There are 2 protein chains.
Amino acid sequence: MPDTTPELRSGQRHDISHEVLGVVFQVRDGALQVLLWRRAQAPEAGCWSLPVGPVGVAESLEAAVSRHLATKVDVRDLAHLEQLGTWSEVHRVPSRRLVATAYLGLVPTTSDPDTPRDTDWHLADSLPATAFDHGAVVTHALARLRAKLSYTNIGFALAPEEFTMAALNRLYCAALGRPVSVTNLQRVLLRRGVLEATGRLAAPGTAGGRPAARYRFRHHELEVTDAFPVLRPRRTSSRGAEDPPGAESVD
Amino acid sequence: MPDTTPELRSGQRHDISHEVLGVVFQVRDGALQVLLWRRAQAPEAGCWSLPVGPVGVAESLEAAVSRHLATKVDVRDLAHLEQLGTWSEVHRVPSRRLVATAYLGLVPTTSDPDTPRDTDWHLADSLPATAFDHGAVVTHALARLRAKLSYTNIGFALAPEEFTMAALNRLYCAALGRPVSVTNLQRVLLRRGVLEATGRLAAPGTAGGRPAARYRFRHHELEVTDAFPVLRPRRTSSRGAEDPPGAESVD
DNA sequence: CGAGTTATTGTCTCACCATCGAAAACCTCC
DNA sequence: GGAGGTTTTCGATGGTGAGACAATAACTCG
């Protein structure tokens with residue numbers, strides 16, 4: 001694999017730098033949005049890029065991305081953070097050899113972190129011109145989020161502490177980018193034990209109508225719903241009590 | 001957040017090195033096995049480690065892991081290679097700051113790559129003492145492989161070009177580490193269009209019995225079966241012909 | 001109290017998968 | 001050549017979970 005770029009031919013030992021990217025999603029104004037930063041300097045000045053930063057010698061990648069995002073979004077607002085993947089194409093950024101590990105971060109609708117100048121939220125489904133390979137990274141993050149909404153309880157990281165079914169339905173519609181049946185959403189998430197009723201009721205709306213019950217996510221750590229049923233021995237009836245033993249994440 | 005700032009000034013600028021790990025699985029002797037290398041030098045001399053190597057300045061991580069595995073397993077034998085994740089704990093290896101990106105590689109049963117001295121296959125379900133965090137990496141790889149066997153066509157990378165249902169069943173049992181019903185395996189994989197009959201028959205065994213039909217995987221690139229059915233609008237009947245449009249991987 | 005509005009629950013149906021058993025296709029041995 | 005054994009394949013049956021839709025519950029307002 002010959003490479004002719006002069007910058008890459010230098011004979012030093014440590015020529016590869018490592019950076020972290022944060023793909024932070026939040027449902028805002030009824031749509032899924034992602035936090036982007038307007039690049040001031042070249043290269044790709046004027047384009048939008050993901051929050052990015054170097055990795056310190058004495059910190060893990062998780063620590064690095066948390067640290068950098070703290071300057072963009074209050075870390076306490078990050079309800080979920082998981083590794084997405086590592087991008088390493090040789091020319092993914094010009095004139096430097098830079099490997100990037102991307103993380104997916106989720107912020108619940110309740111928090112409205114004040115973002116510094118030059119950062120802003122953008123619709124995840126129609127991105128502006130993005131720098132480098134950040135568009136592909138966002139696409140990847142979007143696909144993973146949407147997949148996990150179907151077979152995990154990851155919604156807890158986007159939703160408020162307590163909510164009505166109608167509100168949760170709007171949240172899922174926004175995050176998935178397509179309509180979702182309230183009826184089925186409720187029954188599926190309740191049967192799986194992802195949601196539980198709090199017993200409290202929402203204040204009835206001004207237009208009248210039955211007051212909605214309030215629900216919450218039962219757990220606030222990622223849990224994977226019983227994996228794809230194919231070729232698995234049938235679950236042995238008793239569906240109560242104990243958590244499934246092999247419920248670890250598969251990314 | 002200028003991405004050229006040396007954040008931690010503990011001395012030199014480029015203190016973090018990057019390596020790649022290869023988790024290579026193959027079904028051998030009716031069991032899933034992983035290729036390990038016996039460490040000769042300290043640290044952790046005598047322990048078994050994954051195949052590992054540095055990343056060149058002018059190559060991507062994929063290229064690096066392919067290059068290193070070529071010295072352990074013939075690259076042509078690697079039917080599938082995908083990124084698993086990046087491990088970055090500060091003290092994951094002693095006395096150096098080393099970040100590792102792991103890849104999952106699969107070798108079909110038909111090839112028997114000759115491995116150099118000091119490398120050997122080990123049962124994936126009962127590993128020997130492993131060096132560093134390599135045990136956790138193998139566990140991760142194993143979980144991903146087993147999950148993907150259920151909802152993708154990834155079996156193509158473990159199976160021969162052509163095989164009988166009984167043989168494929170033995171393969172799946174070995175890879176999953178639990179019994180699988182032949183009947184269901186056949187029908188599920190055929191209905192999904194993952195397998196197709198070749199029309200040829202296997203030579204009948206010495207004990208007699210109906211000769212088995214031979215099948216093959218229809219495609220040899222990773223394809224994800226229609227994702228978790230939950231909260232999706234019902235598929236509109238016609239299940240023939242065209243591939244599902246949104247069948248991209250989710251890792 | 002009835003009309004209007006919203007939330008929740010019941011029921012129907014369909015897709016999918018696991019289990020079982022029968023049939024098909026081959027062998028060997030008598 | 002037929003009986004019996006072996007292996008593969010196909011069909012029938014039942015259960016489970018989910019989507020669609022209708023019915024019911026609970027409230028406000030006039």
Side-chain angles (χ1 to χ4, degrees), chain A residues 149-151 162-170 172-173 176 178-215 225-240 244, chain B residues 149-151 162-170 172-173 176 178-215 225-240 244:
Chain A
L149 278 172
S150 291
Y151 66 92
E162 219 176 292
F163 44 82
T164 68
M165 271 300 159
L168 188 68
N169 185 54
R170 285 191 294 274
Y172 268 72
C173 291
L176 291 171
R178 56 176 178 79
V180 172
S181 150
V182 197
T183 303
N184 294 326
L185 183 71
Q186 173 171 27
R187 255 220 314 263
V188 167
L189 295 186
L190 281 177
R191 164 155 40 170
R192 289 187 184 166
V194 171
L195 298 183
E196 63 184 2
T198 64
R200 284 181 287 276
L201 294 181
T206 62
R210 174 175 175 172
R214 293 167 71 81
Y215 298 85
T225 300
D226 217 0
F228 222 66
V230 179
L231 304 181
R232 286 213 152 42
R234 171 149 311 197
R235 301 180 262 316
T236 54
S237 68
S238 81
R239 247 210 171 274
Chain B
L149 278 172
S150 291
Y151 66 92
E162 217 176 293
F163 43 82
T164 68
M165 270 301 160
L168 188 69
N169 185 55
R170 285 191 294 274
Y172 269 71
C173 289
L176 291 170
R178 59 175 177 77
V180 171
S181 149
V182 196
T183 304
N184 294 327
L185 183 70
Q186 174 170 26
R187 253 224 313 272
V188 167
L189 295 186
L190 281 177
R191 166 161 35 176
R192 289 185 183 165
V194 171
L195 297 183
E196 63 183 3
T198 64
R200 282 182 288 276
L201 294 182
T206 64
R210 175 173 176 173
R214 294 166 71 80
Y215 298 84
T225 300
D226 219 0
F228 221 67
V230 178
L231 304 180
R232 288 211 151 45
R234 174 154 309 198
R235 300 182 262 317
T236 53
S237 70
S238 82
R239 245 208 173 273

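All of these numbers come straight from a predicted model, not from anything done at the bench. The figures that follow rest on heavy atoms only: side chains count, while hydrogens, waters and symmetry mates do not. Chain A is the first sequence line, chain B the second, and so forth, proteins listed ahead of strands; every chain is numbered from 1.
In plain terms, the two heavy atoms of B/L195 and B/M165 that are nearest each other are CD1-CE, 3.3 Å. For the pair B/N169 and B/V180, the tightest heavy-atom approach, listed with the atom from each and the gap, is OD1-O, 3.1 Å. Shortest non-hydrogen contact noted between B/P211 and B/A202 is CB-O, 3.4 Å. Contact record, A/Y151 with A/R192: CA-NH1, 4.3 Å, taken as the closest heavy-atom pair.
When rounded to the nearest whole Å, the span between CE of A/M165 and P of D/dA25 equals 20 Å. A/L176 places its CG atom 12 Å from the P atom of D/dG19, with the value rounded to the nearest Å. Atom C1' of nucleotide C/dA24 and atom CG of B/L201 are separated by 12 Å, given to the nearest angstrom. When rounded to the nearest whole Å, the span between OH of B/Y172 and P of C/dA18 equals 13 Å. Between the P atom of C/dC16 and the OH atom of B/Y151 lies a distance of 19 Å, rounded to the nearest Å. The interatomic distance linking A/R210 (CZ) with C/dT8 (C1') rounds to 5 Å, in whole Å. Atom CG of A/N169 and atom P of D/dG19 are 12 Å apart (whole Å). For the pair B/R214 CZ and D/dT7 P, the interatomic distance rounds to 18 Å; values are reported in whole Å.
By the ring pair (Phe, Tyr, Trp, His ring centres under 6.0 Å) test, B/F163 pairs with B/F217, sequence neighbours left out. B/R200 is linked by a side chain to side chain donor-acceptor pair (under 3.5 Å) to B/E162, counting only residues two or more places apart in sequence or in another chain.
When distances run from any side-chain atom of B/V188 to the nucleotides D/dT8, D/dG11, C/dA18, the shortest one goes to C/dA18. Across C/dA18, D/dT8, C/dA7, the shortest atom-to-atom separation from the side chain of A/A166 is found for C/dA7.
Mapping B/Q186 and A/P211 onto DNA chain D by nearest heavy atom places B/Q186 closer to the 5' end of the strand. Each of B/V182 and A/N184 lies near DNA chain D, and the nucleotide nearest B/V182 is the one positioned closer to the 5' end.
At least one side-chain heavy atom of A/Y172 sits less than 4.5 Å from a side-chain heavy atom of A/L185.
Between its opening and closing five pairs, the helix from C/dC1-D/dG30 to C/dC30-D/dG1 changes axis direction by 20°, a value rounded to 10 degrees.
For the pair B/R192 and C/dC17, the criterion of a side-chain N or O lying under 4.0 Å from OP1 or OP2 is met. Distances shorter than 4.0 Å separate some side-chain N or O of A/Y215 from OP1 or OP2 on C/dT8. B/R191 has a side-chain polar atom (N or O) that falls below the 4.0 Å cut-off from OP1 or OP2 of C/dC17.
Note on A/T183: a base of the nucleic acid sits closer than 4.0 angstrom, heavy atoms only.
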